[in-house]
Amino acid sequence: MCAMSDAVKVEFHTPYRSNGEGRHEVEWPEGWPVPRKGDGVCTRDGDFLSVRTVVWYPHGEDGSEPFAYVVLGGQD
């Protein structure tokens, strides 16, 4: 398991843009803490999405490095 000081990779699952031009994109700077359920995340386009779910993979998946999978959705 990762030590608290280790940076954790964050993978985002985002909804499709309302204009049909693919999914929202999020840039998450290395070293920033993993967002928690209920937090807000700003996309590259300046849209604000809510964190719906956070799933931790402390041992990775299929040989990958440890990461957190964050599902984002629109504002309630």
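All values derive from a computational prediction rather than experimental measurement. Positions are given from 1, in the same order as the sequence printed here.
The environment of CD in E61 is crowded: more than 12 heavy-atom neighbours from other residues, nucleotides or ligands sit within 6.0 Å. Remark: R36 CZ is loosely packed, at most 12 non-hydrogen atoms of other residues, nucleotides or ligands lying under 6.0 Å away.
Using cut-offs of 30° and 60° on the angle between ring planes, the pair H13 and Y69 is tilted.
Taking both residues in full, the closest heavy atoms of H24 and T14 are given as O-OG1, 2.6 Å, listed atom of the first, atom of the second, then distance. E27 approaches R44 most closely through the heavy-atom pair OE2-NE, 2.8 Å. Nearest heavy atoms, L72 versus R52: C-CG, 4.1 Å. Closest approach of A68 and V34 over heavy atoms only: CB-CG1, 3.8 Å.
Look at E11 and K9 and you find a salt bridge, because one of the NZ, NE, NH1 or NH2 atoms lies within 4.0 Å of a carboxylate O, short of that distance.
The shortest side-chain heavy-atom distance between P15 and L49 falls under the 4.5 Å cut-off. Contact annotation: the side chain of P35 never approaches that of V54 to less than 4.5 Å [non-hydrogen atoms, C-beta and beyond]. Taking 4.5 Å as the limit, some side-chain heavy atom of W28 sits within range of a side-chain heavy atom of V41. H59 is not listed as a side-chain neighbour of E65, based on a closest heavy-atom distance of 4.5 Å or more. In this structure, V71 and F12 have side chains that are not in contact, with every pair of non-hydrogen atoms separated by 4.5 Å or more. V10 is not listed as a side-chain neighbour of W32, based on a closest heavy-atom distance of 4.5 Å or more.
Two different hydrophobic clusters hold V26 and Y57 under the rule that ILVMFWY side chains link at heavy-atom gaps under 4.5 Å. W56 and V51 fall within the same hydrophobic cluster, where Ile, Leu, Val, Met, Phe, Trp and Tyr residues are linked whenever their side-chain heavy atoms come under 4.5 Å apart, directly or through other members.
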| request: Assess whether side-chain contact (heavy atoms from CB on, under 4.5 Å) is satisfied between R17 and D45, documenting all intermediate values. | output: CA-CA 10 Å; R17 294 183 186 118; D45 299 328; 2.8 Å; yes
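Note that CD of E25 and CG of D47 are 11.5 Å apart. Values are rounded to the nearest 0.5 Å.
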